[in-house]
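Everything on this sheet refers to the single structure shown next.
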Amino acid sequence: MGQFATVLILLFAVSLSKAAARLSRIPLPLLQIGLGVALAGFHVHMPLDPELFLVLFVAPLLYVDANLFPRAEARALGKPILEMAVGLVFFTVLGAGYFIDWMIPSMPLAACFALAAVLSPTDAVAVSGLIGLKRLPTRLLHLLEGEALLNDATGLVCLRFAVIAVFTGYFSPAHATISFLTVVLGGLAVGAFLGFILMSAEKGVERTIGAYPAAQILRTLLLPFASYLLAEHFKLSGILSAVAAGFVANWLLQEIPEVETRIKSEAVTDLMQFTLNGLIFVLLGLQLQAIAKSIPSVVKQENFASAWVLGGFVLSITLVVGALRFVWTWVVLEWSFFRHKHEGGKAQHTPWRLLAATMLAGVRGAITLAAVLSIPLARQDGTPFPGRDLAVLLASGVILFSMLAAAVGLPWVLKGLEEPPESSAEAKFRNARVLTAQAAIGRIEEVEHRLSQNSPYADSYASIASRLMDYYRRRIEAFVGDQSSRIKADRLRVAERTIRLEAVRAERREISRMLHNHELEPGQARALLKKLDNTEATLKGG
């Protein structure tokens, strides 16, 4: 019962965190970490098993992110995402690894590379939680999300090689390259295969017996766990397997699911994302107390003058990792602009605010903590793994420093950041809104004409059709008109949505009153409320 009670306490803490963050205006990830620290002070303890953490939390979250990732952005940003998720990881491991070796000579070089490897993955969820999704430019957000989908696996593979080097005292670049490609490509293949099989089977079952939302959603939720475990069984990348399964599920979803399936799936996905993300940061906070208690022993073990030396190391590593990210991003963008100019395009230079935003957005999160805790306690001969306790402390400090830097620095940097040109995904979305509105207007005219023929209510039908077509015309103006007409149409649309929402809420209050006074049966109330809920969800999404 002890562990079960602890899980319930953690879930309750996560459920309170959103409201607490809004009231206190503390960024949600930092507040959830603080809740974890507070719970640890009340002797709530939950050991973090790195392997279980990766399969239980990371695999499903990355699967969902891959499944929701815009296909157009995946194609448009594929190259820069790979440059950040693979090239930057290697650049960080090498640069930070040699810097740590220079700064802390007592730490073996392979152990320094292990620490650098765990610091290479970034956490896009933490970034969006720290400053809010709406304050990040869309393309930058997609780039960060795509980078975070892939760099976890790259960093963990690098960590595996560094640990092997500590165990054996030997490192072969050729063998490491072959192993890396095998682990990465094999993991992608396993996930893609499972995703294709499940989604194809789902389509066949739906055509044969019809939709059954609860079972379909459950089977879909099991896919990332199956992908991860199968890939890990063959010593391949489980993380990339879950990501590949998510992408394949996204790409194979050609038909729009039934309304009931779509609504339930979105609700379950939102619940899962919020719960797992919250638990990740609360668990991170729970670990910090035990990690902090190890500071005196590490200071004594490493013969440091004081604990302040550790703080200096953490700050130095955070700055170096950020500088490496800044340099890599600048080189990649400048090279891209140079090629664009060479091909006859306009000369451009990288805006420094974009570089600063990209650097600050390289927040380290729970993956880094799970990875550093996965470093073995001892080598094969029983001797302690060199520098492990120190690595855990330094990684934890970098996580906190990078989060604080993003929470403070990103809002300031983003104030003057010019929005990049509209992405292909955004252009397609705007075009879809216009075309669907035009299709609706055309259909309304057809139906109104058919109903009005030889009907005494022709004027009423025309009035109804006119009101509906006005709504769709305002939508078109909001997306294709000039600046003034777009502003006017958008304000009218917002005003209409606000009024309609208030009307729906008034209906709901009246239903509650009638139910309370026994003027309405509970079953009838549920049916009415379900329709109102769907209407409100549609209005909020429009």
Side-chain angles (χ1 to χ4, degrees), residues 68 70-72 202-204 206-213 216 250-267 422-508 511 524 526-542:
L68 298 177
R71 300 178 204 175
E202 284 294 339
K203 289 182 179 180
E206 188 168 339
R207 282 195 298 267
T208 305
I209 63 173
Y212 193 77
Q216 290 174 312
N250 183 0
W251 292 332
L252 289 182
L253 187 62
Q254 300 296 338
E255 295 137 14
I256 299 174
E258 295 290 335
V259 174
E260 186 182 2
T261 303
R262 190 167 66 251
I263 292 174
K264 289 182 177 179
S265 178
E266 289 175 358
E422 184 177 61
S423 68
S424 56
E426 291 170 317
K428 285 183 177 180
F429 177 77
R430 290 168 60 86
N431 188 49
R433 296 284 283 176
V434 172
L435 292 178
T436 53
Q438 290 173 343
I441 290 173
R443 185 57 180 161
I444 290 170
E445 289 176 338
E446 291 175 8
V447 173
E448 187 267 329
H449 179 71
R450 176 168 55 83
L451 292 176
S452 298
Q453 286 182 338
N454 303 320
S455 172
Y457 307 112
D459 291 342
S460 299
Y461 294 152
S463 177
I464 293 171
S466 177
R467 287 199 305 271
L468 290 173
M469 286 190 289
D470 281 344
Y471 166 77
Y472 287 107
R473 289 189 184 108
R474 285 196 299 273
R475 180 197 288 184
I476 294 172
E477 287 179 9
F479 285 102
V480 300
D482 57 32
Q483 185 68 15
S484 60
S485 63
R486 286 171 62 180
I487 292 174
K488 177 184 176 183
D490 193 52
R491 287 179 178 173
L492 289 174
R493 212 157 43 89
V494 170
E496 180 178 349
R497 185 166 66 235
T498 301
I499 293 169
R500 293 179 67 186
L501 279 172
E502 288 302 320
V504 167
R505 289 162 186 165
E507 287 188 72
R508 189 180 287 112
I511 291 171
Q524 296 172 323
R526 280 195 296 271
L528 291 172
L529 288 172
K530 184 176 181 180
K531 292 180 180 179
L532 290 177
D533 291 342
N534 290 337
T535 301
E536 183 169 354
T538 302
L539 290 171
K540 287 182 176 178

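Positions are given from 1, in the same order as the sequence printed here.
- Residues forming a salt bridge (Lys or Arg N to Asp or Glu O under 4.0 Å) with R443 (at least two apart in sequence, or on another chain): E446.
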What do the steps show when you test R473 against D470 for salt bridge (charged side-chain N to carboxylate O under 4.0 Å, His left out), and what is the final call? CA-CA 5 Å; R473 289 189 184 108; D470 281 344; 3.5 Å; yes

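- Smallest separation of non-hydrogen atoms from E448 and A465: CG-CB, 3.5 Å.
- By the side-chain hydrogen bond (donor to acceptor under 3.5 Å, both in side chains) test, R508 pairs with D533, E536, sequence neighbours left out.
- Summarising the geometry of L68 relative to N250, their closest heavy-atom pair is C-ND2, 4.3 Å, with the distance given to 0.1 Å.
- Y461 approaches S452 most closely through the heavy-atom pair CB-OG, 3.7 Å.
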